[in-house]
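Please read the structure below before turning to the comments.
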There are 2 protein chains.
Amino acid sequence: MSSRSANSVPLDYSKSCGGAALGARLRRASEVIDRQATLIYQMFGTEFEQRWYGILNLLHRFGGLTVGEIAASLCISHVAVVQARASLESRQFIKSKTDINDSRRRILSLTSQGRALVEHLMPIWQHMDDAARALNAESGDLVATLDALEDALARQSLVDRVMKRTSLA
Amino acid sequence: MSSRSANSVPLDYSKSCGGAALGARLRRASEVIDRQATLIYQMFGTEFEQRWYGILNLLHRFGGLTVGEIAASLCISHVAVVQARASLESRQFIKSKTDINDSRRRILSLTSQGRALVEHLMPIWQHMDDAARALNAESGDLVATLDALEDALARQSLVDRVMKRTSLA
DNA sequence: TTGACATATGTAAGTGCCTACATAAATTGC
DNA sequence: GCAATTTATGTAGGCACTTACATATGTCAA
């Protein structure tokens, strides 16, 4: 490596950054977790996409649900649900039918293959939960911290906080 | 809404989920922050992409750097840097030249327009830093918690933690 | 000094979300 | 009972990353 600048460039600059890098920091953490989870499914020999998790779990626990209900419950856009649905339906893990009482709605439910997939992955998910609980404890309760962040942002959004400090306020 | 199932579906199911949802939880938080930051730049009337931030900051503080140096410093892939570079260069905020001593390398640096953009955004970034510091305090030191999470994962990865609990160990 | 390997950058395609927009069906007000 | 609005779903394309692979250049050992 050239000695031109190597000495002066920090090894993990994002750690030293404030506001505008907080999102990047969170993104990086989520990507690490996602990557590791993907590896675990691979080692377990099961084709599985992260985005299936919430939907499969909800359908397994609560039976048939609409796209909108799932989106609301998982706090994601309905579009994300629609996309995951396409992916799950093409592999026949879920099926969908139009609601008899409201034909705008589409009710999703597990197929027997979907149920089998959930049963198959249950032990892995249990282990992941255990591991996550340990990680959470070791990190000083990340989950509580994320809850607190959401609360803080609900009290006053980042936009409001910044605008308050600006001539644009 | 039909009464079919509404009562039984939790409002924020991802909060009640453990391991496999931790990544989703982090992702959601990062998206909230990113979205708000995007709004702030919009209100400030400046076209700005999130992914420019780290690179512009590094180049502003440390002068010319290579793609690899930037990637290492920001803990992102070199591909992410290459893509951001294309975006920044097409708008003439940065320029690049091949390293004289090693023609595999490409040294990126700010143009005068790039420097002007950084100077223009400095006050906003300062406000965002202040706001982030406040959010960090209100959330119970999110940054420290993320540091601790990274440390915990470095001690033992999620993969190892799960495999240890599995017959695959 | 040349062949094997390592390093730096770049391209293509994928991931899991998103916003903006389109369409169809239900509801509401007049 | 019909237009205006709201609600539910769907499509197109974007974002900030990623992995897998391709190419060019440098390094090092026999």
Side-chain angles (χ1 to χ4, degrees), chain A residues 1-2 14 20-21 23-39 41-42 47-55 65-72 74-89 96-108, chain B residues 1-2 14 20-21 23-39 41-42 47-55 65-72 74-89 96-108:
Chain A
M1 179 175 296
S2 91
S14 80
R25 197 74 204 284
L26 285 162
R27 198 184 312 122
R28 200 170 86 198
S30 79
E31 279 163 2
V32 171
I33 303 276
D34 279 357
R35 217 171 3 259
Q36 301 250 319
T38 300
L39 264 179
Y41 292 120
Q42 267 175 26
E47 190 211 3
F48 190 79
E49 297 177 18
Q50 292 300 314
R51 57 180 172 161
W52 295 351
Y53 178 77
I55 298 183
L65 296 171
T66 68
V67 171
E69 284 168 340
I70 293 170
L74 298 178
C75 295
I76 57 179
S77 69
H78 79 273
V79 180
V81 177
V82 167
Q83 289 164 347
R85 180 210 142 196
S87 163
L88 280 162
E89 209 162 17
S96 63
K97 63 176 203 298
T98 300
D99 188 335
I100 304 254
N101 303 315
D102 183 343
S103 58
R104 291 171 306 178
R105 292 187 173 174
R106 187 166 271 271
I107 298 178
L108 311 187
Chain B
M1 177 175 296
S2 91
S14 81
R25 196 75 205 283
L26 285 162
R27 198 184 313 121
R28 201 171 85 199
S30 79
E31 278 163 4
V32 171
I33 303 278
D34 279 357
R35 220 176 353 262
Q36 300 250 321
T38 300
L39 264 178
Y41 292 120
Q42 267 175 26
E47 190 211 2
F48 190 79
E49 298 177 18
Q50 292 299 315
R51 58 181 172 162
W52 294 351
Y53 178 78
I55 297 182
L65 296 172
T66 69
V67 171
E69 284 168 340
I70 293 169
L74 298 178
C75 296
I76 56 179
S77 69
H78 78 274
V79 180
V81 177
V82 167
Q83 289 165 348
R85 180 210 142 198
S87 161
L88 280 162
E89 209 161 18
S96 63
K97 64 176 201 300
T98 299
D99 188 335
I100 305 253
N101 303 316
D102 183 344
S103 57
R104 290 171 307 177
R105 291 187 173 173
R106 187 166 270 272
I107 298 177
L108 311 187

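Note that the structure is predicted; figures quoted are calculated from it, not measured. Chain identifiers are assigned alphabetically (A, B, ...) following the order of the sequence lines, protein sequences preceding nucleic acid strands; residue numbering begins at 1 within each chain.
- Across its full length, the helix from C/dT1-D/dA30 to C/dC30-D/dG1 shows an angle of 10° between the axes of its 5 terminal pairs at either end, rounded to 10 degrees.
- Residues passing the salt bridge (Lys or Arg N to Asp or Glu O under 4.0 Å) test with B/E49, sequence neighbours excluded: B/R51, B/R91.
- Atom C1' of nucleotide C/dT19 and atom CD of B/Q42 are separated by 11 Å, given to the nearest angstrom.
- Interface residues of residues 29-37 of chain B facing DNA chain D, ordered by number: none; criterion, heavy-atom separation under 4.0 Å.
- Base engagement by B/A80 is indicated by at least one non-hydrogen atom pair under 4.0 Å involving a base atom.
- Look at A/R27 and you'll find a side-chain N or O under 4.0 angstrom from OP1 or OP2 of D/dC17.
- Checked against D/dC17, C/dA26, C/dG16, the side chain of B/I76 finds its nearest nucleotide in D/dC17.
- Side-chain contact between B/T66 and B/E69 is present, with at least one heavy-atom pair separated by less than 4.5 Å.
- In this structure, B/L88 and B/I55 have side chains that are in contact, with non-hydrogen atoms separated by less than 4.5 Å.
- Positionally, the nearest nucleotide of DNA chain C for B/G68 lies more toward the 5' end than for the other of A/E49 and B/G68.
- One distance of note links CH2 of B/W52 with CD of B/E47; it measures 4.5 Å at 0.5 Å rounding.
- For C/dC17, neither phosphate oxygen OP1 nor OP2 lies less than 4.0 angstrom from any side-chain nitrogen or oxygen of A/S77.
- One interatomic measurement links the two molecules: CD1 of B/I107 to C1' of C/dA8, which rounds to 12 Å at whole-angstrom precision.
- Along DNA chain C, the nucleotide closest to A/F48 and the one closest to A/R104 are compared, and the more 5′ of them pairs with A/F48.
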Listing time: all N or O pairs from protein to nucleotides 10-14 of chain C that are below 3.5 Å?
unit_1, atom_1, unit_2, atom_2, d
C/dG10, OP1, B/R85, NH1, 2.4
C/dG10, OP1, B/R106, NE, 3.0
C/dG10, OP2, B/R85, NH1, 3.1
C/dG10, N7, B/H78, NE2, 2.8
C/dG10, O6, B/H78, NE2, 3.2

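- Scored by the salt bridge (Lys or Arg N to Asp or Glu O under 4.0 Å) test, B/R104 finds B/D102 as partners (sequence neighbours excluded).
- If you check every strand for non-hydrogen atoms under 4.0 Å, B/S103 touches sugar and phosphate atoms only.
- To the nearest angstrom, C1' of C/dA24 lies 15 Å from CG of A/D99.
- By the salt bridge (Lys or Arg N to Asp or Glu O under 4.0 Å) test, B/R106 pairs with no residue at all, sequence neighbours left out.
- Considering only side-chain N and O atoms, A/R105 lies under 4.0 angstrom from the phosphate OP1 or OP2 of D/dA8.
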